Amino acid sequence: MKRPPVKGTRDFYPPDMARRNWIIDGWKKVSLRNGFEEYDGPIFEYLKMFQLKSGDEIAEQLFSLTDRGGRELALRPEITPTMARMINQQINALPKPIKWFSVPRLFRAERPQKGRLREFFQWNVDIIGVDDVLADAEIIFTTIDYLSSVGLTPRDIRVKISSRKLLACALTNIGIREKQLDPLYGLLDKYNKIPADTFEKMLPDQVPDSAAAKKIMDLMSATTLSEVPEIAGTNAEVDAAIQKLARLKDLLEQMGVWQFCDFYPSIVRGLAYYTGVVFEVYEFAQELRAIGGGGRYDNLLQDFGGPSVAATGMGMGDCVLGILLEEKGLLEKQLQKCQLDYFIACADKQYFQKVIEITAKLRRTGKAANFAYKPIGLSKQLKQASAQGAKECIIIGSEIESGRLVVKDMATGEQKTTELDNLLK
RNA sequence: GUGAGAGUAGCUCAGCUGGUCAGAGCACUGGAUUGUGGAUCCAGGGGUCGCGGGUUCAAAUCCCGUCUCUCACCCCA
């Protein structure tokens with residue numbers, strides 16, 4: 001009888017687990033070399049924690065439960081609220097800047113589809129306490145550092161960068177009222193996701209003035225910063241926002257990763273809480289949903305009852321990334337199976353006891369060693385050895401009577417006789 | 001919540017105008033090979049064709065229902 005895993009969840013068989021570990025180990029390694037420290041929190045929190053940031057409606061998208069004490073809890077759909085809570089608790093004790101990363105297992109009760117599951121892993125990196133685009137540049141650099149470390153190039157992925165602040169003041173200049181901004185962001189976010197003529201038809205619903213609508217169309221298609229004041233006019237606010245983005249570009253150039261990046265005014269991100277630089281990473285053909293994204297959220301800690309502290313960060317899930325790496329053939333190439341140092345075989349079953357003894361001794365010296373449980377023929381044992389990825393195979397035969405055995409290099413096929421005592425040193 | 005497609009062996013699928021239709025490849029196990037692996041060859045295990053009902057002499061095949069999955073919309077932290 002088949003018992004598939006719960007909708008939207010995955011079983012990780014050893015090959016899948018190897019894949020998952022490879023991805024997560026890569027995230028951790030890159031985080032550490034970029035100066036981030038790892039943290040984690042509980043896998044469930046008070047339901048209220050998540051509603052605080054995303055509104056009451058979010059409850060429908062969560063797996064929630066009431067415990068026996070009547071507490072309303074939810075499995076975490078993101079780790080940012082937990083991080084905000086933890087940082088707020090120790091804000092005065094933590095050395096600044098705070099550079100933290102985490103790879104939480106997250107849960108969202110949404111309908112699964114390509115690149116989106118109900119249980120997944122997400123890499124988060126955040127810098128707290130730095131009100132400077134240098135921190136945004138660090139976040140983007142770290143993101144690209146990982147993606148290029150697994151073999152993705154500027155021709156595989158694009159980092160699309162924009163600024164909530166720039167968009168806000170440019171739209172205000174065009175004549176959009178502040179109250180209209182939030183609903184308008186929702187539409188602008190679709191600019192690159194729906195056909196151009198569909199977008200153009202939808203725009204007048206929110207921007208009846210055709211001159212303003214025309215300017216928004218121009219703004220959305222801008223590819224350089226200098227076009228923005230030409231389209232939307234200029235003032236001190238616009239200037240300041242442009243200066244910040246220009247500096248971000250300079251920094252990313254100095255860091256040697258700007259070739260991965262583009263200025264994309266239509267990148268908005270769904271969430272209302274972003275306050276400055278925002279970015280999303282897409283594969284080049286843009287047939288998949290975003291691989292990751294992030295931005296500046298200077299008000300979040302305050303929203304969670306803490307002081308006003310600048311913050312910027314990024315999140316990247318394992319689902320879309322996994323699909324992309326698979327498509328590019330980067331997983332197959334870089335994954336190595338469980339590598340044994342030695343597989344110990346016997347040429348005759350009378351030496352089976354020796355196999356067990358020597359295997360155990362090798363293991364105690366720290367070597368990865370395995371052997372066949374059944375006294376099968378030597379050729380079968382060698383077959384197992386190569387199936388298990390053994391680097392060398394030790395063959396125990398009559399030589400063992402004088403303390404010697406055969407060591408066979410599984411890659412080259414070469415073999416030599418050596419003293420048992422040498423091997424165990 | 002809405003719409004479309006698909007469910008046959010562990011995996012990928014063929015068979016689907018009803019009648020050797022229970023199959024192939026890969027994987028697995030054993031053998032050829034009782035001191036030499038990755039190859040090849042041979043053999044074997046494994047499926048009440050998602051489930052339930054209907055039509056029929058006869059259903060994997062046609063009809064209805066149901067469940068599950070996938071993809072898209074909504075949403076996307």
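Chain identifiers are assigned alphabetically (A, B, ...) following the order of the sequence lines, protein sequences preceding nucleic acid strands; residue numbering begins at 1 within each chain. Everything numeric in this text was worked out from a predicted model, so none of it was measured. Computed from heavy atoms alone, side chains included, the values below leave out hydrogens, waters and symmetry copies.
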As a test of reading the structure: which of B:rC69, B:rU70, B:rU36 is closest to the side chain of A:Lys7, going by heavy atoms? B:rC69

Whom does B:rG1 pair with, Watson-Crick or G-U wobble, provided both distances fall under 3.5 Å? B:rC73

Distance between the P atoms of B:rG38 and B:rC28, in whole angstroms? 13 Å

Assess the pair A:Phe63 and A:Phe107: is the distance between their ring centroids shorter than 6.0 Å? no

Indicate, with a heavy-atom threshold strictly under 4.0 Å, whether A:Arg269 touches base, sugar-phosphate, or nothing. sugar-phosphate

A:Leu378, nearest nucleotide to its side chain (from B:rG38, B:rC74, B:rG35): B:rG35

What is the nucleic acid contact for A:Ile58, judged by heavy atoms within less than 4.0 Å: base, sugar-phosphate only, or nothing? base

Among B:rG38, B:rG35, B:rC76, which is the nearest nucleotide to the side chain of A:Ser386? B:rG38

Under 3.5 Å, is there any donor-acceptor pair linking the side chain of A:Gln415 to the base of B:rU36? yes

Which nucleotide wins on minimum distance to the side chain of A:Arg108, given the candidates B:rA72, B:rG35, B:rC76? B:rC76

Distance-only donor-acceptor pairs under 3.5 Å for side chains of residues 90-104 of chain A, two or more places apart:
{"unit_1": "A:Lys96", "atom_1": "NZ", "unit_2": "A:Ile91", "atom_2": "O", "d": "2.7"}
{"unit_1": "A:Lys96", "atom_1": "NZ", "unit_2": "A:Leu94", "atom_2": "O", "d": "2.5"}
{"unit_1": "A:Lys99", "atom_1": "NZ", "unit_2": "A:Asn34", "atom_2": "O", "d": "2.8"}
{"unit_1": "A:Lys99", "atom_1": "NZ", "unit_2": "A:Glu138", "atom_2": "OE1", "d": "2.9"}
{"unit_1": "A:Ser102", "atom_1": "OG", "unit_2": "A:Tyr39", "atom_2": "O", "d": "2.7"}

Of the listed B:rU33, B:rG35, B:rC74, the closest approach to the A:Ser379 side chain comes from B:rU33

From the options B:rC76, B:rG38, B:rG35, select the nucleotide whose nearest atom is closest to the side chain of A:Arg116. B:rC76

Under 4.0 Å between any heavy atoms, over every strand shown, what does A:Thr80 touch: base, sugar-phosphate, or nothing? Just pick one. nothing

Taking only the side-chain heavy atoms of A:Glu110 (C-beta and beyond), determine which of B:rG38, B:rC76, B:rC74 contains the nearest atom. B:rC76

Scan A:Glu399 against the nucleic acid and name what it touches under 4.0 Å (heavy atoms): base, sugar-phosphate only, or nothing. base

With respect to the phosphate group of B:rG30, does any side-chain polar atom (N or O) of A:Lys374 fall under 4.0 Å of OP1 or OP2? yes

Should the pair A:Trp123 and A:Trp27 be assigned to parallel (<30°), tilted (30 to 60°) or perpendicular (>60°) ring geometry? parallel

According to a strict under-4.0 Å criterion, is A:Lys380 in side-chain N/O contact with OP1 or OP2 of B:rG35? no

Atom pair distance, as rounded to whole Å: NZ in A:Lys391 and P in B:rG38: 21 Å

Could you walk me through whether A:Lys391 and A:Asp341 satisfy the salt bridge (Lys or Arg N to Asp or Glu O under 4.0 Å) test, starting with their C-alpha distance in whole Å, then the side-chain angles of each, then the deciding distance to 0.1 Å, before giving a yes or no? CA-CA 5 Å; A:Lys391 294 188 194 96; A:Asp341 296 307; 3.0 Å; yes

Is the shortest side-chain N/O distance from A:Gln113 to OP1 or OP2 of B:rC73 below 4.0 Å? yes

